[in-house]
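Structure first, then comments.
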Amino acid sequence: MTAEPAPVRVMVVDDHPMWRDAVARDLAAAGHTVVATAGDGPQAVRRARATRPDVLVLDLNLPGLPGVEVCRQLVGSQPGLRVLVLSASGEHADVLEAVKSGATGYLLKSAGAGELLDAVARTAAGDPVFTPGLAGLVLGEYRRLASEPEPPSAGAPDAPRLTDRETEVLRLVAKGLSYKQIAERLVISHRTVQNHVQNTLGKLQLHNRVELVRYAIQRGLDEA
């Protein structure tokens, strides 16, 4: 018997009250805990710091403080937070800016309620979630970032050595596989994949999936 996914603590940020309330209602009806909502950038930062949600469902176009800046501030101060952008914009520049600010995923508002619920659950589990057609764009951005000079900590000669399994997981992350796909390929649990990724982030002194994929691509692990 397959276990039901655990409820997720979610916060919804959008400047349109009807849309914000509808998303919060759908999430609550699905069994998740909506810990807070917010209608502008500064309010979002304050309430997220007070309630510490697992997943922040975030619009980009916010009064007071842009969504990407909200994301940047919160991810920088709450490493365990995962951000799913829910935006009307499919512009590549917006998608890439969101990813660089620390967002785990990007979903267009044209998505159905079922897609949103699935995206929140997968985001909480650590998987990258993107509206179809955007995943390739993001992987391309990872490769572009990998061509730039890397942070000193990631390339330090005395960087801790990864285990064979950690390296194997890192290689599959760099190829764009979700944690669920990695678990199936390696015949291990989803939780074990998450633990390997968290251990690798800690060893390399990296902060998120963007930096991790960049590190792996710089070392050619995505081509192995």
Side-chain angles (χ1 to χ4, degrees), residues 1-10 32 54-57 75 78-85 95-96 98-100 102-107 111 114-146 150-151 153-155 159-224:
M1 182 175 176
T2 303
E4 289 293 317
V8 179
R9 289 169 49 82
V10 191
H32 299 306
D54 301 318
V55 174
L56 185 70
V57 177
V75 170
Q78 297 177 217
L81 175 68
R82 296 187 170 110
V83 178
L84 173 65
V85 169
V95 178
L96 298 180
V99 169
K100 285 189 283 187
T104 307
Y106 196 106
L107 202 63
E115 290 177 89
L116 173 61
L117 295 175
D118 178 65
V120 167
R122 289 172 57 199
T123 298
D127 283 347
V129 181
F130 295 97
T131 291
L134 297 181
L137 170 73
V138 173
L139 190 55
E141 177 66 2
Y142 285 154
R143 294 181 187 281
R144 189 193 68 76
L145 288 172
E150 62 187 287
S153 60
R161 184 177 180 84
L162 301 181
T163 66
D164 289 344
R165 180 46 63 92
E166 286 168 348
T167 301
E168 195 171 17
V169 170
L170 180 56
R171 180 179 296 117
L172 295 176
V173 169
K175 289 177 180 290
L177 273 68
S178 70
Y179 290 177
K180 179 181 179 182
Q181 290 170 322
I182 294 172
E184 291 172 349
R185 179 167 303 191
L186 300 181
V187 197
I188 56 179
S189 72
H190 189 286
R191 174 64 63 183
T192 300
V193 174
Q194 287 181 290
N195 289 340
H196 283 312
V197 170
Q198 289 304 313
N199 289 341
T200 301
L201 286 169
K203 284 184 178 182
L204 300 176
Q205 299 179 46
L206 302 175
H207 302 95
N208 53 48
R209 191 184 181 98
V210 174
E211 293 182 4
L212 189 64
V213 174
R214 173 182 179 179
Y215 176 92
I217 291 174
Q218 284 173 328
R219 280 147 187 80
L221 293 178
D222 61 314
E223 298 171 355

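The residues of the chain are indexed from 1 along the displayed sequence.
- A donor-acceptor contact shorter than 3.5 Å is absent between the side chain of Asp118 and the backbone of Gly114.
- The only member of Val10, Thr104, Val57, Leu56 that meets side chain to side chain contact (heavy atoms under 4.5 Å, CB included) when paired with Thr123 is Thr104.
- Residues forming a side-chain contact (heavy atoms from CB on, under 4.5 Å) with Gln181 (at least two apart in sequence, or on another chain): Leu177, Ser178.
- Considering only heavy atoms from C-beta on, Tyr215 stays 4.5 Å or farther from Thr200 through its side chain.
- Listed for the Arg82 side chain is a donor-acceptor partner under 3.5 Å among the backbone atoms of Ala124.
- Residues Leu107 and Ala119 come closest through the heavy atom pair CD2-CB, 3.9 Å.
- Closest of all the heavy-atom pairs between Gly102 and Val75 is O-CG2, 4.0 Å.
- Interatomic distance, CD of Gln198 versus CD of Glu166, reported as 11.5 Å (0.5 Å rounding).
- Rounding to the nearest 0.5 Å places CD1 of Ile182 at 13.0 Å from NZ of Lys180.
- Closest approach of Tyr179 to Val197, counting heavy atoms only: OH-CG1, 3.4 Å.
- Put simply, the side chain of His32 does not reach to within 4.5 Å of the side chain of Asp54, judged on heavy atoms.
- Every residue two or more places apart in sequence or in another chain that forms a side-chain contact (heavy atoms from CB on, under 4.5 Å) with Arg165 is listed here: Thr163, Glu168, Val169, Leu186, Ile188, His196.
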